[in-house]
Amino acid sequence: GVWGGGGVGGLTYWDLQTGRHTSYVYSAAQDGYQAWVKASVQIPDGSLWFGTFGKGILRRSSDGVWTNYTIEEGLPSDYISDLAVSTDGALWIDTSQHRPDRDGKKMGHFGQLEGGKWVPAVGGGFNQIIAGTANDFWSLWIFQAGRLFDSFISYYDGEEWQSRDIPEKPDQVTAIGMGPDGTLWAGTENAVFYYKNETWQKLIPPWSGQIQSDVSAIHVTPEGEVWFGFSVGMLLSDTCGGPDFGSQEVGIYHYDGQTWEHFTTEDGLAQNKICTITSGPDGSVWVGTYNQGISRYDGSTWTTYQADE
């Protein structure tokens, strides 16, 4: 089966054999505010972890038992920016710098939950964290200075964060992704960069100069092929962009190392506003959209799974 979560205060599980789905509500609206899922991962013991923006972390054990971790259970903040699993199977957590933590300060935190207790590490408050191939991590930080935005890429070796920012980047990086060989990919509105052998290389993608949208997700398959999702408003929102830009959204691009493919709703994609991309164990590609469900690509056909309204 497959899980999906979004901005409606809940999660949905689709049973791919029966075609049925089950919805789980974890957040009732309070004062007009409702938490949404920001990240999800599975660790080696089979448990699923969902990081929410406002309700901490939800854990579903392999036998279906739910546990909610919040400030009251020791988290430094209930506003989770991202989750990642290191190569040794440990869960790592990053919290937002844009919402108050348990001390009332707007500062992000980076660390682990060990035995239900928070173990802090250096840094935090990033927009995205991804695990490397040797118990290391990469982070993307997008920040605003006045009316301008900028971005910064860093590398964590287990002790400290070090700059790995792109020299002379043309515009802001809005998403990063890790390949199975340890190559880091970064996307901007007009270029794609990849970091290999301690050197940044640049590609000019087919969307360069053609669109006004942000790269919202980068996924590298086990075979090394790269998928890029897009969403207008990434720089202005804590999620994959605002809901009012549908006519400008451009869908997904696929790069196999030599050629590019472009997919939109005209090809069967559920929506052109993309939030996340991942691979299935059978080699399929799964795409999470903003509010039109999940699409699966088997190499030739798109299939969409949607929850009831």
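Just so we're clear, the structure is a prediction, and the values are computed from it rather than from any experiment. Because only heavy atoms are used, hydrogens play no part in the values below, and waters and symmetry mates are left out as well, while side chains stay in. We count residues from 1, following the sequence as given.
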request  = May I ask you to decide if the ring planes of Trp3 and Trp66 are parallel, tilted or perpendicular, using 30° and 60° as cut-offs?
outcome  = perpendicular

query = What about the rings of Tyr255 and Trp227, do their centers lie closer together than 6.0 Å?
reply = no

key: Minimum-distance pair of heavy atoms, taken over all atoms of Val173 and Ile166   = CG2-CD1, 3.8 Å

task = Check the side chains of Ser284 and Trp286 for a donor-acceptor pair under 3.5 angstrom, ignoring hydrogens and angles.
result = yes

key: Asn291 versus Gln271, side-chain donor and acceptor atoms under 3.5 Å   = yes

query = Do we see a donor-acceptor contact under 3.5 Å between the side chains of Thr70 and Glu73?
reply = yes

note = Applying salt bridge (charged side-chain N to carboxylate O under 4.0 Å, His left out) to Asp165 and not counting sequence neighbours gives Lys169

request  = Check whether Phe126 and Leu83 end up in the same hydrophobic cluster, where Ile, Leu, Val, Met, Phe, Trp and Tyr are linked by side-chain heavy atoms less than 4.5 Å apart.
outcome  = no

inquiry  = Quick check: Phe263 with Trp302 (ring centres under 6.0 Å apart)?
reply    = yes

inquiry  = For a 4.5 angstrom cut-off between non-hydrogen side-chain atoms, does Ile93 reach Phe110?
reply    = no

task = Say whether Ser47 and Asp45, considering side chains only, have a donor N or O and an acceptor N or O under 3.5 Å apart.
result = yes

query = To the nearest 0.5 Å, what is the distance between CH2 (Trp14) and OG1 (Thr22)?
reply = 10.5 Å

Ring centre gap for Trp141 and Phe152 strictly below 6.0 Å = no

key: Salt bridge flag under 4.0 Å for residues Asp282 and Arg296   = yes

ask   = For the rings on Trp92 and Phe137, is their centre-to-centre separation under 6.0 Å?
value = yes

inquiry  = Once you measure the plane-to-plane angle for Trp207 and Trp260, does it fall in the parallel (<30°), tilted (30-60°) or perpendicular (>60°) bin?
reply    = perpendicular

message = For a salt bridge (Lys or Arg N to Asp or Glu O under 4.0 Å) check, start with the C-alpha distance between Asp78 and Arg102, then their side-chain angles and the critical distance, and finish with the verdict.
response = CA-CA 8 Å; Asp78 288 336; Arg102 63 184 171 200; over 6 Å; no

task = Show your working on side-chain hydrogen bond (donor to acceptor under 3.5 Å, both in side chains) between Ser216 and Asp214 and close with a plain yes or no.
result = CA-CA 6 Å; Ser216 55; Asp214 304 315; over 6 Å; no

inquiry  = Using a 3.5 Å distance criterion without hydrogens, assess whether the side chain of Thr265 forms a donor-acceptor pair with backbone atoms of Leu269.
reply    = no

request  = Side-chain contact test, heavy atoms from C-beta onward, threshold under 4.5 Å: evaluate it for Arg99 versus Phe53 and give yes or no.
outcome  = yes

key: Donor-acceptor contact present, side-chain Lys273 to main-chain Val232, <3.5 Å   = yes

request  = Assess whether atom CD of Gln162 is packed by more than 12 heavy atoms of other residues, nucleotides or ligands within 6.0 Å.
outcome  = yes

inquiry  = Parallel, tilted or perpendicular, judged at 30° and 60°: which one describes the rings of Tyr69 and Trp49?
reply    = parallel

ask   = With no hydrogens and no angle check, do the side chains of His21 and Asp15 hold a donor and an acceptor under 3.5 Å apart?
value = no

message = Assess, by modelled atom type and distance only, whether the side chains of Gln172 and Thr174 contain a donor and an acceptor separated by less than 3.5 Å.
response = no

request  = Give a yes-or-no answer on whether the side chains of Thr95 and Ser81 include a donor-acceptor pair shorter than 3.5 Å.
outcome  = no

request  = Indicate, with yes or no, if the rings of Trp138 and Tyr156 have centres closer together than 6.0 Å.
outcome  = no

ask   = In a check of side-chain contact (heavy atoms from CB on, under 4.5 Å) between Val287 and each of Ile294, Ile252, Thr276, which one passes?
value = Ile252

message = Would you compute the distance between atom OG of Ser295 and atom CD of Gln306 and round it to the nearest 0.5 angstrom?
response = 8.0 Å

key: Tyr253/Phe228 aromatic ring centres below 6.0 Å   = no

query = Can you list the steps and then say if Phe50 with Trp36 is a ring pair (Phe, Tyr, Trp, His ring centres under 6.0 Å)?
reply = CA-CA 10 Å; Phe50 302 92; Trp36 64 87; over 10 Å; no

Under 3.5 Å side-chain donor-acceptor pair for Ser279 and His219 = yes

